Amino acid sequence: MTPKNKKEQVVTASDVSGDRRRFTRIHFDAQTEICHAGQQQSVQLMDISFNGLLIQCETPLAIQQGTEIEARIHIGDNILHIPAVLTHHRNNFYGFHIERLDIDCATHLHRLVELNLGDETLLKRELEHLMPNL
């Protein structure tokens, strides 16, 4: 994603959280909503991984760090319902840790990561980080 004007700044997940990633974040543009306490808000999905997602929204979300939400990500005819917890936010960027994935969401996310990584070795490493006891 490129800035629309010179004053706009693009923030990456590592800029926001400052930590090293074991999971590759995939830049992905899909219709996305954040749902919490009966409220639904459209947001911009910046990137996603097996472990979390980063969103941007124009109006502040009325949630605090540690709050569980449901991210609804539209992929084709499917809607992924992903429970996640807010781990950090800065300005209008919010980072969430994915708590759990059902088999359908995991399958779609696996395919998305596979297509974007383009390397079976990298995908295998990601899955080993996700499920270290297998």
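Note that the structure is a prediction, hence the values are computed from the model and not measured. All values below were derived from every heavy atom in this structure, side-chain atoms included, with hydrogens, water molecules and symmetry-related copies excluded.
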Calculate, to the nearest 0.5 Å, the distance between atoms NE2 and CD1 belonging to His81 and Ile73 respectively.
-> 10.5 Å
Any side-chain heavy atom of Leu86 within less than 4.5 Å of one from Ile69?
-> no
If you draw a 6.0 Å radius around CD in Glu58, do more than 12 non-hydrogen atoms from other residues or ligands fall strictly inside?
-> no
Would Cys35 and Arg72 count as a side chain to side chain contact (heavy atoms under 4.5 Å, CB included) if you check the C-alpha gap in whole Å, the side-chain angles of each, and the deciding distance to 0.1 Å?
-> CA-CA 8 Å; Cys35 304; Arg72 294 183 185 161; 3.4 Å; yes
Do Ile75 and Leu45 share a hydrophobic cluster (ILVMFWY, side-chain heavy atoms under 4.5 Å, transitive)?
-> yes
For His36, side-chain hydrogen bond (donor to acceptor under 3.5 Å, both in side chains) partners two or more places apart = none
Does anything in residues 34-45 pair up under salt bridge (charged side-chain N to carboxylate O under 4.0 Å, His left out), and if so which pairs, sequence neighbours excluded?
-> none
Are Thr59 and Gln41 close enough that some pair of their side-chain heavy atoms sits under 4.5 Å apart?
-> yes
Check: residues 60-67 side-chain donor-acceptor pairs under 3.5 Å, at least two apart:
| from | atom 1 | to | atom 2 | distance (Å) |
| --- | --- | --- | --- | --- |
| Gln65 | NE2 | Thr87 | O | 2.9 |
| Thr67 | OG1 | Gln64 | N | 3.2 |
| Thr67 | OG1 | Gln64 | O | 2.6 |

Contacts under 3.5 angstrom, residues 98-105 side chains, donor-acceptor by atom type, not counting sequence neighbours:
| from | atom 1 | to | atom 2 | distance (Å) |
| --- | --- | --- | --- | --- |
| Arg100 | NH2 | Glu68 | OE2 | 3.2 |
| Asp102 | OD1 | Asp104 | N | 3.1 |
| Asp102 | OD1 | Cys105 | N | 2.7 |

Quick one: list whatever passes side-chain hydrogen bond (donor to acceptor under 3.5 Å, both in side chains) with Asp77, sequence neighbours left out.
-> none
Minimum heavy-atom separation for Met46 to Ile55, with atom names?
-> CG-C, 4.0 Å
So, Asn91 versus Gln56: side-chain donor-acceptor pair below 3.5 Å or not?
-> no
Using the side chain to side chain contact (heavy atoms under 4.5 Å, CB included) rule, take Asp47 and Leu53 through it: C-alpha gap first, then chi angles, then the decisive distance, then the call.
-> CA-CA 6 Å; Asp47 57 45; Leu53 55 115; 5.7 Å; no
Those residues at least two apart in sequence (or on a different chain) that pass side-chain hydrogen bond (donor to acceptor under 3.5 Å, both in side chains) with Glu33 are Gln31, His74
His97 (side chain) donor-acceptor with Asn51 (main chain) under 3.5 angstrom | yes
Interatomic spacing from CZ in Phe96 to CD in Glu70 - rounded to 0.5 Å = 12.0 Å
Leu54 and Tyr94, any side-chain heavy atoms less than 4.5 Å apart = no
